[in-house]
Amino acid sequence: ITTVSGNEFLLQSDIDFLILDWFHAIKNAIDRLPKEQRITSRNLEFKIRRSSSIELLNNLDTESKEPKPEHRKSLIFRLNYSASDTNDRNRVKSRLKKFISRRPSLKTLQEKGLIKDQIFGSHLHLVCEHEKSTVPQFVRLCINAVEKRGLDVDGIYRVSGNLATIQKLRFVVNQEEKLNLDDSQWEDIHVVTGALKMFFRELPEPLFPYRLFEQFVEAIKIQDNATRIKSIRSLVKELPRPNYDTMKILFEHLQKIAAKESVNLMSTQSLGIVFGPTLLRPEKETGNMAVHMLYQNQIVELMLSEYSKIFSSEED
């Protein structure tokens, strides 16, 4: 949750009904806020005190009319633009437009080698085509590192790593620098797992393609377990080869994590909560977000529990 003042909060739970309770409580609290009291970026102004603290002010105009003691040396910045300021802004806009219109295209820069293809934020099939594989090398490296030194770690994949270090790792991968996850700078295994989750989260289209999202949701609703597994298996077989191969190696890995539940405290349900929204989501969010979240978690949980049946090469 990100508040209007910029504070960020992460709420986590392994219990589905608690997640729903929190979601409805937060939504109801937001809905009860009077519209006139909701802060927008247009009516925010900044007051910077000598102590370097920053306050968001809604009524700076009123406050500025009050007499201020001489010893008060706070600085107040007002966004009052004169005619000359407007002219300056117009000149800057004009120069920016000229710069953008003359700038080489992305394709030209890539052909000249000035910009390299990115790993993070690229479509899965493009990454695989670039590497001439069906599973991204970065995914394999992360899985190998976790299985080498992270299977017994408490809260593996649930615990967050240092974001600055994760971003540093992301930068190294995108620059196509030689990556060695055994290097001491990546010794925190939560940084590796955080980067792997970020890779899947930043895919323009998730590992479970948008076109199959509703079909997976309908399949998980089936009451008969055998029919449900068969339906999920059928949908998995429809996946493009990079999606199928990457999904298979990822779920095989997560199965090994779940097998160590007594040590790392990560059950199939916990892994479903962590990876559900990361691996599959609707193309357009609707008011059913909380309900979708439950189905997303259940789909991942079922596929982990019934991995051998769903990814078996044998035909029914």
Side-chain angles (χ1 to χ4, degrees), residues 104-148 150 157 160-161 163-183 185-186 189-213 216 235-257 271 274-283 296 299-300 303-304 307 310-311:
S105 66
L106 176 62
K107 184 178 180 180
T108 301
L109 293 173
Q110 288 175 333
E111 289 173 351
K112 291 182 178 180
L114 297 176
I115 292 182
K116 298 178 180 178
D117 293 328
Q118 304 286 289
I119 301 299
F120 281 76
S122 294
H123 285 276
L124 182 64
H125 71 276
L126 294 179
V127 175
C128 291
E129 285 175 10
H130 175 71
E131 297 179 350
K132 295 180 173 58
S133 69
T134 56
V135 179
Q137 180 65 15
F138 177 67
V139 173
R140 291 186 183 274
L141 288 174
C142 288
I143 287 175
N144 290 338
V146 174
E147 292 185 358
K148 182 178 179 181
Y157 283 113
S160 301
L163 182 57
T165 310
I166 292 173
Q167 291 289 3
K168 182 180 179 182
L169 177 54
R170 180 182 187 273
F171 176 80
V172 170
V173 173
N174 273 343
Q175 292 302 307
E176 291 189 277
E177 297 179 19
K178 187 176 180 180
L179 181 62
N180 177 17
L181 291 179
D182 290 329
D183 191 288
Q185 62 183 325
W186 321 123
I189 197 63
H190 297 305
V191 167
V192 178
T193 57
L196 181 60
K197 288 187 293 183
M198 180 179 286
F199 170 80
F200 285 113
R201 197 162 52 241
E202 292 189 0
L203 288 174
E205 184 170 18
L207 190 60
F208 289 72
Y210 288 133
R211 63 183 177 84
L212 296 178
F213 176 81
F216 272 103
L235 290 171
V236 168
K237 295 294 183 183
E238 290 185 33
L239 294 172
R241 179 52 58 182
N243 297 65
Y244 179 86
D245 287 353
T246 302
M247 188 181 296
K248 184 176 182 180
I249 193 175
L250 175 64
F251 276 78
E252 182 181 13
H253 164 65
L254 295 180
Q255 216 188 16
K256 295 177 183 178
I257 299 289
L271 291 168
V274 171
F275 279 94
T278 299
L279 300 181
L280 69 158
R281 58 184 182 272
E283 187 167 9
Q296 289 162 328
I299 291 167
V300 172
M303 291 178 63
L304 284 174
Y307 174 85
I310 291 172
F311 289 96

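Atom set for the values below is all heavy atoms of this structure, side chains included, hydrogens, waters and symmetry mates excluded.
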Next on the checklist: Could you go through Val139 and Leu196, starting from their C-alpha distance and side-chain angles, then the distance that decides it, and tell me whether this counts as side-chain contact (heavy atoms from CB on, under 4.5 Å)?
Outcome noted: CA-CA 7 Å; Val139 173; Leu196 181 60; 4.1 Å; yes

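- Taken to the nearest 0.5 Å, the OG atom of Ser133 stands 7.0 Å off from the CZ atom of Arg140.
- Glu131 places a side-chain N or O within donor-acceptor distance of the main-chain N or O of Gln137, the cut-off being under 3.5 Å.
- Residue Pro206 comes nearest to Arg281 through the heavy atom pair CB-NH1, 3.6 Å, listed as atom of the first residue, atom of the second, then distance.
- In this structure, CG in Leu124 is found 10.0 Å from CD in Glu129, a value given to the nearest 0.5 Å.
- Sorted by first then second residue, the side chain to side chain donor-acceptor pair (under 3.5 Å) pairs that include residues 192-213, not counting sequence neighbours, are Arg170-Glu202.
- Across all non-hydrogen atoms, the minimal contact from Thr246 to Pro136 is OG1-CD, 3.5 Å.
- If you take CZ on Phe275 and CE on Met303, they are separated by 13.0 Å, rounding to the nearest 0.5 Å.
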Next on the checklist: Apply side-chain contact (heavy atoms from CB on, under 4.5 Å) to residues Met247 and Phe311 and explain how you reach the verdict.
Outcome noted: CA-CA 10 Å; Met247 188 181 296; Phe311 289 96; 3.9 Å; yes

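- A 4.5 Å side-chain heavy-atom check between Thr165 and Leu169 finds every atom pair outside the cut-off.
- In this structure, NZ in Lys168 is found 5.5 Å from CH2 in Trp186, a value given to the nearest 0.5 Å.
- Taking the six-membered ring for Trp, Phe120 and Phe138 have ring centres closer than 6.0 Å.
- Nearest heavy atom pair, residue Leu235 against residue Leu212, reads O-CD1, 4.0 Å.
- Closest non-hydrogen pair, Pro209 versus Leu239, comes out as CD-CD2, 3.3 Å.
- Taking Leu304 as the reference, Phe251, Leu254, Thr268, Leu271, Val300 meet the side-chain contact (heavy atoms from CB on, under 4.5 Å) condition, with sequence neighbours excluded.
- Interatomic distance, Thr134 OG1 to Tyr244 OH, rounded to the nearest 0.5 Å: 11.0 Å.
- Side chains of Leu279 and Leu250 form a contact here, defined as non-hydrogen atoms less than 4.5 Å apart.
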